[in-house]
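Structure, as C-alpha cells:
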Amino acid sequence: MKKLINKPENVVREALEAIAIAHADLVKVSYDPNYIMRADGPIMGKVGVISGGGSGHEPMHGGFVGMGMLDAACPGAVFTSPTPDQMLEATKAVNGGAGVLHIVKNYTGDIMNFEMAAELARAEGIEVEAVVTDDDVAVKDSLYTAGRRGVGVTVLAEKLCGAAAEQKRSLKEVADMCRKAKNFGRSMGMALTSCTVPHAGKPTFDLPEDEMEIGIGIHGEPGRTRMALKSADEITEMLMEPILSDIPYKTGDEVLMFVNGLGGTPLIELYIIYRKAQEIAAKHGIKVVRSLVGPYMTSLEMAGTSITLLKMDDDMLKLWDAPVKTPALRWGA
Amino acid sequence: MKKLINKPENVVREALEAIAIAHADLVKVSYDPNYIMRADGPIMGKVGVISGGGSGHEPMHGGFVGMGMLDAACPGAVFTSPTPDQMLEATKAVNGGAGVLHIVKNYTGDIMNFEMAAELARAEGIEVEAVVTDDDVAVKDSLYTAGRRGVGVTVLAEKLCGAAAEQKRSLKEVADMCRKAKNFGRSMGMALTSCTVPHAGKPTFDLPEDEMEIGIGIHGEPGRTRMALKSADEITEMLMEPILSDIPYKTGDEVLMFVNGLGGTPLIELYIIYRKAQEIAAKHGIKVVRSLVGPYMTSLEMAGTSITLLKMDDDMLKLWDAPVKTPALRWGA
Amino acid sequence: MPVYRDDVIAWIKSVAQMIAENSSYLTDLDSAIGDADHGANMERGFKAVINKLPEVSDKDIGTIFKTVGMTLLSTVGGAGGPLYGTWFLQAGMKTAGKMELTLTDWTEALEASLNGVVMRGKAELGDKTMVDALTPAVNALKQAIQENQPIHVALTLSANSAQKGMEATTPLIARKGRASYLGERSAGHQDPGATSTYLILKVAAETWQKSI
Amino acid sequence: MPVYRDDVIAWIKSVAQMIAENSSYLTDLDSAIGDADHGANMERGFKAVINKLPEVSDKDIGTIFKTVGMTLLSTVGGAGGPLYGTWFLQAGMKTAGKMELTLTDWTEALEASLNGVVMRGKAELGDKTMVDALTPAVNALKQAIQENQPIHVALTLSANSAQKGMEATTPLIARKGRASYLGERSAGHQDPGATSTYLILKVAAETWQKSI
Ligand SMILES: Nc1ncnc2c1ncn2[C@@H]1O[C@H](COP(=O)(O)OP(=O)(O)O)[C@@H](O)[C@H]1O
Ligand SMILES: Nc1ncnc2c1ncn2[C@@H]1O[C@H](COP(=O)(O)OP(=O)(O)O)[C@@H](O)[C@H]1O
Ligand SMILES: [Mg+2]
Ligand SMILES: [Mg+2]
Ligand SMILES: [Mg+2]
Ligand SMILES: [Mg+2]
C-alpha cells in the first residue's frame, strides 16, 4: 500500500486538524464527535443544511462547508458512514431556529445513522427533514432492495439547497429543492483501477491491466459489468446511454453536466470525457447550460470517472449561480 | 496503459475543445496555434500575463486563465513545452498596449521556446519581459547546469502577477512581483508512483511497491534519491528540511504554504502532509498566513506531493487575496 | 446454572479479541461484496467497548449491554454501527436490572436484539445479512427451551445454527445493504455481517460453556 | 558529384521514416534521464515536415531547409524543437538559393547548424547533449575536406564520428537540459538528443551514398 499517511486509524483525525488550520477563514472543526462547520455558523433564522458520509471522498463533504452550501459536514471513518452522535451534535450546532435539512446518500449505513440522529434531534426539539439522494443508474432499482446509491447529485443538491437556505427559504422549501435535485438528476461511474482502504492495506478489488469496471460505486463496490478497456469516447457513451434512457431527460431539456474524477484520474482526461458527453447530450437535443468538471466526489486514489446530469429550471440556475464560499467550491464571494 | 483517452495525439486538442465549452464564461480557446485566453481579453491598458508549458499538469496553466490571473496560457503536447508560434500569437492576442509578461518555468525547452517567441513579439513592437521560475530545491543549483526546475512557485507567481496587472501596474512592476515570488519561494516534491505519458504508453520509471522517489520533477524526471517508503510525517520532514535550510526563510517570517498533489494522491493525504508541514514551520518560528492545498500542478496520474513555501509581505498578501476568477482558482468574484 | 455478570463481561472481552483476530478476514469478505471496512469498523467499536467496560463492570447486565450498544453506535459507523448498537441496546432493555441470565432471559434478550435489528434495517430472512445468522440462532434457543435442553447445549445449538445461517448466505443474492448494489454478482460470497454475528454467538457458547 | 535537391528531399523523407521507426527507442532513452517524450516530439515534427515538403519541393535547398526548420520549430516543442528548428534554419540560411551542395557547402551548412544550436542552447562539448554528436560530425567533415576525401567517404566519416560522440555521452554527467536535474544519476545513460542527431546524420550518409 502506497499512501501518504501515518497510521490508518489517524487518517481522518489528522486531515481534520489540517482542514481546521488551512481553511480557518471558512470553517471550524469539532472533534469527538467529529464535524466541520462553517466558521460563522450558526446563522440565526436560516435553515441549517448538513450532510456527511464516510471519509475518502474529499473534497465531499467537508470541502463544501461554508456560505451558500453546507452548514456542517460529518466525516466518518474511511468509507464508513459517520455515527449518530456526530450528526446530532452538528445538527444542534448549526440550528438557527429554522430547522435543519439532512442530505443523506442512499447507503444503508448512512440512512440508519442519520435516521437515529434525526430521531434524537427531534426529541431535543429541533425540526429535522432528511432527503435521500439515490441517483446512480448503475444499480437496478427495486422496492425490495436498498435501491440506488447516492452519488454525484449529492454535491449538486448541497449547492442548490445551501443557496436556497441562504435566501431564508423555509425548511420545507429547502427540502423540496433537494427532492427536485434528486428527481431531476442521474449519474453513472466507471473505474480503471481499484482504491485501497488504508485499514485494509490492499486494493478492494483486482482489475487486470486491460479491463475496466462499468457502474462502479464510490467505495469500490463492484459495478454492473467488467469488460475490456475501451476508448474515452466509447466509455462516455456507455455511461451516458443509461443516464439518458432513464427518466427524466428529453429533447429541449437544459442540464447541468458534472464530470467527476474519482481521485486518480488526471483532469485532462476528465475534459476528454466531458467533450464527448457534451456532444452526446447535444445529439439528443439536450442543452448543457452549466458545467462542473473535476474531482469533487472521489474514491481515494481510484482512477475513473462519473457523469451526472441534472435537469435545471430557472430557479435552480439562479441557485447554482448564487455566491458560494467553501474550500472546494467558490464563486461570487 | 489505463487512461480515459482516445488517441494519444488527440489528448490536448480534445481537452481544449472541452475547456472551450465547459468554461465558456471565463475563457476562449484558439487552435493552431493552441492557446487559452480570458474571455474578455485583451484588456486595454493592462499588462498581459501569459504562461505556458507542457500539458499533463492540469489545471496549470489553462485553469488559471481569467480575471486576476493569466491572460493566456499556451499548452504544449503532454510534458513538452509549447512552440514559439503559440506564445507569439498569445502575446499578440492579450496585448493591451501595456506590454506582456512571460512567466516561464526553468526547463531548457520552455526557456528556448519562450525566448524565440519574445524575440519575435518584440520584433512586432510588443514590449515583452520574461521571468523564469526556478524554485525546486531538489536540484543542485550551479552556473554550469540548467539550474533548478520551476515548480510550485509558478502557480503562486501567476496569481500575484495577475492581481498586480489587474491593478494596472506597469510591466516592470508586474515583472518585479514575479521576481519577488521567484526569490522568496522554494519547493520540493516526491512521488509514490510513476506517471505514464500517453504516447510512451508505459510508466516513465519503475518504483517498487515499497519505495518512493524524493525530489521528483513534475515530468517524472527522477529525483534526488530513491528510498524505502516512510510515513507521511517523515516524508514531510524530508521535504521541509531542504526547503527551510535554503534561503530565504527565518524565524518570524510569514509564508504562504502550498501543498500540491501530483495527480494520483487523494486530497485527504495532502491534508495529512499539510498538517505536519504546518507544524514544522511553526517549530521554526515561521507563520503560515495563507494556505493552498490541492492538485494544482500535477504530473498526470502520478501519486505524490510537493510543498512550496512563499515568504509573503503586505503587498503580496493583498495581491493574493485580490479577486480571481479562473476555472481552477476563484474567489472574491 | 445461569450466566453471571462476570460471564457476560468475559464474553464481551472475548468477542473483542475474536473480532480483532478476525478483522482482516471480515474486511476481506467485505471487499468482495462491499467496501472493505467491516473488520476495521467492528474492531474499532469493540476496542472502544473494552475501554468503556471498566466504568460499568459493577453495574447490572442491562446497563452493561446498553453501554456496549451506545459505544458501538458512536464508534462503529456504517451499517454495522446502528445494527450492532441496536442489538445491544435492545438486549440491555430486556435485561435491565438483572445480575444474571437464565436461558430464557438470554433467549428473550437475543430475540429483542433480532427484532431491533430487523426494525432498524428492514431486512428479511434470505436478504443476505446478519439477520440470516441471528434468526436461526434465536430459533435454536427457543426450540432448546421447549425441549428442556440445558443451557450449555442450547448455546452450542444456537451457535451452530448461526453458523449454518451464515454459510447459507453464500449462494444468496443480496437484497439489503451495500452488497445489494451488486445484484447477481453478490452470489457466491459469504456475508460479512452474518459472519461477525456468528463469531459473536460462537464466543458466547464457548465462553459460557466453561463457566456454567 | 554533388548532393542535388532531390537527394536532399530524399534525405529528409528518410529521416522522417527513421525517426518514426525509432520513436519508441528515443522515448525510452528519454524516460531514463528525461521525460519520455523525445521520440513522440521528433516523430510529430517530421510528420509535419513530410506534409509541408510538397509545397517547397520545387524550391532551392535553402528554402527547403528553412521550411523544415520553421515546421520543426512550430511542431516539436520541448528542447528539441528550438534546437532542431535552429539547426535547419541556420543550414537554410547558408544554402540560400542553392540547387545542389558540394561537400564544402554541406560542411558549412552543418557548421552553421552547430553554431546555431550552441548559441540557442549554450551547451558545451561534454554537457551530454546533441552537441556531443554534432560537433565531431562537423569536425570529421572539415578534416575530410583537408584530406581531400571524396564526399561519400566524408559523409561516412561524419556519421561514424557522430556515433562515437553519441556513445561517448553514456558515461557523462549531464550539465544541460532536463537530464542535468539528475546530477550524477544521469551517468550511465545515452543522451536521446545525441541519438537523434546521429540517426539524422547516418541517414544522410546512407541516402546520399546511393545517389552520389
Ligand atoms: N438492512 C440491513 N439489515 C441487516 N443487516 C444489514 C443491513 N444492511 C447491511 N447489513 C449487514 O451489515 C454488513 C456490512 O456492515 P459494514 O461493512 O460494517 O457496513 P457498510 O455496509 O456500511 O460498510 C453486511 O454484511 C450485512 O450483514
Ligand atoms: N541546452 C541544450 N543544448 C543542446 N542540446 C540540448 C540542450 N538541452 C537539451 N538538449 C538536447 O535535447 C534532448 C531532449 O529533447 P526533448 O526530449 O525533445 O526535449 P525536453 O527535454 O524538453 O523534453 C536532450 O537529450 C539533449 O540532447
Ligand atoms: Mg462502509
Ligand atoms: Mg519534454
Ligand atoms: Mg462495509
Ligand atoms: Mg524529453
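In what follows, chains carry the letters A, B, and so on, assigned in the order in which the sequence lines appear, proteins first and then strands, with residues in each chain numbered from 1.
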Ranking Gly220(B), Gly76(B), Pro84(B), Gly201(B) by heavy-atom pairs under 4.5 Å to chain D gives rank one to Pro84(B)
Okay, Tyr107(B) and chain D: the region with an atom under 4.5 Å from a heavy atom over there is both
Assess whether a salt bridge exists between Arg120(D) and Glu115(B), defined as any Lys/Arg side-chain N lying under 4.0 Å from an Asp/Glu carboxylate O. yes
State whether a side-chain donor-acceptor pair under 3.5 Å links His199(B) with Thr27(D). no
Check each atom of Ser186(D) against the heavy atoms of chain B and say whether the ones under 4.5 Å are side chain, backbone, both or neither. neither
Residue pair Thr195(D) / Tyr25(D), side-chain donor-acceptor N/O under 3.5 Å: no
Less than 4.5 Å apart, side chain to side chain, heavy atoms only: is that true for Leu141(D) and Trp106(D)? yes
Side chain, backbone, both or neither: which part of Ser299(B) has a non-hydrogen atom closer than 4.5 Å to chain D? neither
Taking atom types as modelled and ignoring hydrogens, do the side chains of Arg13(B) and Asn10(B) form a donor-acceptor contact shorter than 3.5 angstrom? no
Using a cut-off of under 4.5 Å on heavy-atom pairs, state which of Ala32(D), Gly183(D), Gly34(D) scores highest against chain B. Gly34(D)
What part of Asp85(B) gets within 4.5 angstrom of chain D, counting heavy atoms only: side chain, backbone, both, or neither? side chain
Heavy-atom cut-off 4.5 Å, strictly under: side chain, backbone, both or neither for Arg185(D) against chain B? side chain
Check this for me: does any side-chain nitrogen of one of Lys3(B) and Glu301(B) sit under 4.0 Å from a carboxylate oxygen of the other? yes
So does Lys202(B) have more than 12 non-hydrogen atoms from other groups sitting under 6.0 Å from NZ? no
Can you tell me which of Met112(B), Arg148(B), Arg224(B), Lys140(B) forms the most heavy-atom pairs within a distance under 4.5 Å of chain D? Met112(B)
Give, as side chain, backbone, both or neither, the part of Asp30(D) having an atom under 4.5 angstrom from any heavy atom of chain B. neither
